[in-house]
Amino acid sequence: MGGGSLGQGIRGTPFSKLASLCAELEGTSGRREKVRLLGEFLRGLGDREAIPAISLLSGRALRGSGLRALGVGFRTIQRAMERAGRGQAALLGGSPTISEVFEALREAASASGEGSMGRRERLLAGLLGRMGPIERGYFVRMLLGETRIGVVEGMALEAIALAAGVDARAAKRAYALLGDLGEVARRALGAGAEGLWGIDITPFRPILPMLADVASDPASALAEHGGKSALEFKLDGARVQIHKRGDAIRIYSRRLSDVTDSLPDVVDLASSGICPEEAVLDGEVVAIGGDGRPLPFQTLMERFKRVHDVGRMIERIPLRLFLFDAIFVNGQSLIDRPYERRREILEECCSRDLLVERAIASGAAEVESFLKRAMEEGHEGIVAKSLHGPYSPGTRSRDWLKIKPSRTLDLAIVAAEWGHGRRSGWLSNYHLAARDPRTGGFSIVGKTFKGLTDEEFEEMTKRLLGDRISESGRVVKVKPSVVVEVAFDEVQRSPVYASGFALRFARIIRVRDDKDPSECDTLDRIEEIYEEQLKRKGRPNP
DNA sequence: GGAGAGGCATC
DNA sequence: CTCGGAA
DNA sequence: TTCCGAGGATGCCTCTCC
C-alpha cells in the first residue's frame with residue numbers, strides 16, 4: 001500500500017466522500033457487496049486516511065481507537081448544531097477532509113477540565129458548519145457511535161482485509177487479540193498478513209473474551225456437546241481478565257479497559273493466589289455478603305469502576321474473584337488447547353478458592369441438579385462447556401452454552417414509544433406496568449422492545465393507537481388494555497420508577513388476549529419475587 | 001460545595 | 001445483556 | 001451460522017450551573 005491516493009492533492013480526501021460511501025452502504029443489502037464497496041474505498045484512500053476512515057465509519061470503533069470516551073452525546077451535538085447554525089463557521093472554508101474530522105474528534109476527546117464542554121461544542125460546530133446536510137447526518141451518527149449502515153466489526157474487518165490484500169481470517173484473529181479496529185487497519189495496511197499473523201498473546205495486552213451462546217434447555221446443551229459437558233456456575237458479576245508477570249498484576253474488563261485501580265482487593269487475591277511467573281486468566285468478579293452469598297449485581301456495580309473512595313468501599317462491599325479459564329501461562333498461548341486441558345492447567349496455576357465451581361455431566365438429570373444448586377446458592381445459572389473446545393477470543397461460540405432460568409409476569413402496556421430506524425413508523429418500546437392494589441392503578445416496572453416479530457409490531461401499533469390517551473415527544477400514553485406475558489431474569493430495585501422495582505432483561509413472550517388488565521400481576525407479587533431472590537443472594541448492607 | 005445533566009461502562 | 005431479521 | 005441493529009436498567013464519573 002502506498003501513501004496518499006491519486007488526485008486528492010495535499011488536502012486529502014473530503015469527508016463528503018465518506019458520507020457518500022455511507023449512503024451507498026446504507027442502500028446496499030448484500031453483505032459481499034458492502035464489503036467490496038468499503039474495501040475498495042479504503043484501498044483508494046491509502047494508509048494515512050484509511051485508518052481514520054475506518055475508525056469513523058464503524059461507529060463502535062470510534063470508542064476503541066484513540067478516541068475512547070469522546071464525551072459527546074445527543075445533547076452536546078444538539079447544542080453544537082445550534083451553534084453551527086448561528087455561527088459564521090461557514091466562512092471557514094469548504095468541506096473538511098477525513099483527516100481533519102478525525103483530528104478534531106481526537107482533540108475533542110482529549111479535552112478535559114473546566115471549559116472542556118465548550119471546547120468540544122466549538123470543535124463540533126466548526127466541523128458541522130462546513131458540512132452539507134447529508135454529511136452532517138452521517139457525521140452525527142458517527143459521533144453517536146451508531147452509523148447504522150450495516151457495517152460494524154464483522155464486515156469492517158473483511159473490508160480491511162480486502163483493502164490490505166490479506167486473508168480475512170488474519171484480520172479477524174488480529175481483532176480478537178487487539179480489540180481495536182483502527183489498530184488492525186494500521187497493522188494490516190502497514191505490515192500485511194505477516195504483521196497480523198505475528199500478533200501473539202502476551203501479558204498486559206488484553207484480548208477480547210470468548211462469549212457463551214444460549215442453550216434452549218439443559219438436555220439440548222448436553223446433546224450439542226456430544227452427550228458430555230463441563231458445567232460451571234454462571235456468576236452474576238463482571239467479566240475480568242487477569243494479567244500477571246512477576247509481581248505485576250493488571251485487570252481488564254470485558255471491553256478491555258484497565259480496571260486495576262478500582263479493584264485493589266482483587267489484585268491482592270490474584271497476587272497471592274496465582275502462582276506462575278506469567279499468566280493471563282479469565283474469570284468473574286462478584287460482590288460477596290457477610291454470609292458468603294453473592295450480592296445483587298447492582299451492588300457489585302458500586303465497586304466495579306469506582307475511582308473515588310475505593311478504600312472505604314472495599315470494606316463495605318468485599319469482592320471475590322472466580323477464575324474459569326487459562327489463556328496464557330509462562331510464554332505459552334493456551335487458546336488452541338482443549339477446554340479440559342486448559343482447566344487442568346488453571347487448577348495448577350491458582351489456589352482452590354479462586355476456582356469457579358465445576359462439575360462434569362453426561363446426563364440431563366446431572367445438569368438439572370447442578371443448575372438447581374447454582375440457583376439455590378444465588379447465582380445466575382450455569383454454563384455448559386464442551387470438553388474439547390478451544391478458547392475462541394472475541395467469538396460467541398456454542399462450545400459454551402449458558403443456561404439461565406427466567407420467570408414471567410403478566411403486565412399491562414400503559415405507554416409506548418415510536419421506534420427508530422427499521423422500527424420507525426411502529427410503536428416499538430412498551431412501558432410495562434403491574435397492578436397496584438393500593439391505588440387500584442398501574443405502576444411501571446420497566447420497558448421492553450424485545451420479543452415481537454415485525455408483523456406483531458405492526459398489529460400492536462394499530463391496537464395501541466386505538467387506546468391512545470395522549471402523546472408527547474416519542475411517547476404515546478395508552479389506556480391499559482393490552483396484557484403481555486413478560487419474561488425476565490431478575491427483579492431489581494429501581495431508583496427511577498415510582499414502583500421502586502424494575503425488571504432485568506424484560507422481553508415479551510406472548511400477548512395475553514385472554515386476560516384483562518384487571519387480571520395482571522401486582523406490585524406485591526413483584527416485591528415477593530424480590531424478597532425471594534434475596535433469600536438466595538446475600539442482602540446488601542445499607 | 002452540592003445538585004443535576006450528560007456520557008459511558010457493566011450486565 | 002435479549003431478541004428477530006437477513007444474508 | 002454469523003452478523004447486525006432495535007433498545008432495556010443501573011451506577012459512577014466529569015463538567016456545568018447555582
Residue [X], side-chain atoms from C-beta onward, closest of [options]:
| X | options | result |
| --- | --- | --- |
| A:K402 | D:dC3, C:dC1, D:dT10 | C:dC1 |
| A:R254 | B:dT10, D:dT10, B:dG6 | B:dT10 |
| A:S253 | B:dT10, D:dT10, D:dC13 | B:dT10 |
| A:T453 | C:dG5, D:dC15, D:dC13 | C:dG5 |
| A:A238 | C:dC1, B:dT10, D:dC13 | B:dT10 |
| A:R239 | B:dC11, D:dC15, C:dA6 | B:dC11 |
| A:Q492 | C:dT2, D:dA9, C:dG5 | D:dA9 |

Would you mind classifying the nucleic acid contact of [X] as base, sugar-phosphate or nothing, using non-hydrogen atoms under 4.0 angstrom?
| X | answer |
| --- | --- |
| A:I149 | sugar-phosphate |
| A:A506 | nothing |
| A:I508 | nothing |
| A:D489 | nothing |
| A:T448 | nothing |

Legend entry - Gap separating the CG atom of A:L263 from the CD1 atom of A:I251, nearest 0.5 angstrom: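 Atom-to-atom, A:L263:CG and A:I251:CD1 are 5.0 Å apart.
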
What's the [atom1]-[atom2] distance between [X] and [N], to the nearest Å?
| X | N | atom1 | atom2 | value |
| --- | --- | --- | --- | --- |
| A:R303 | D:dT10 | CZ | C1' | 17 Å |
| A:E456 | C:dG4 | CD | C1' | 10 Å |
| A:Y252 | B:dT10 | OH | C1' | 19 Å |
| A:F505 | D:dA9 | CZ | P | 12 Å |
| A:L256 | B:dT10 | CG | C1' | 14 Å |
| A:M301 | D:dG11 | CE | P | 9 Å |
| A:H420 | D:dG8 | NE2 | P | 9 Å |
| A:F501 | D:dG8 | CZ | P | 22 Å |

Could you tell me whether the side chain of [X] and the main chain of [Y] form a donor-acceptor pair under 3.5 Å?
| X | Y | value |
| --- | --- | --- |
| A:R255 | A:S253 | no |
| A:Q241 | A:I207 | yes |
| A:R239 | A:V285 | no |

Inset, instruction - Decide whether A:W418 and A:E471 meet the rule of one side-chain donor and one side-chain acceptor closer than 3.5 Å. - result: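 Looking only at side-chain atoms, A:E471 and A:W418 do form a donor-acceptor pair, the distance falling under 3.5 Å.
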
Inset, instruction - Over 60° means perpendicular and under 30° means parallel, so classify the ring planes of A:F233 and A:H379, tilted if in between. - result: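 Rings of A:H379 and A:F233: tilted, 30 to 60°.
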
Inset, instruction - Assign each of A:E417 and A:D213 to its nearest nucleotide of DNA chain D by heavy atoms, then name whichever residue's nucleotide is nearer the 5' end. - result: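 With A:E417 and A:D213 compared, the 5'-side residue is A:D213.
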
Inset, instruction - Between A:E302 and A:K447, just flag the one whose closest nucleotide in DNA chain D comes earlier from the 5' side. - result: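 Nearest-nucleotide comparison on DNA chain D picks A:K447.
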
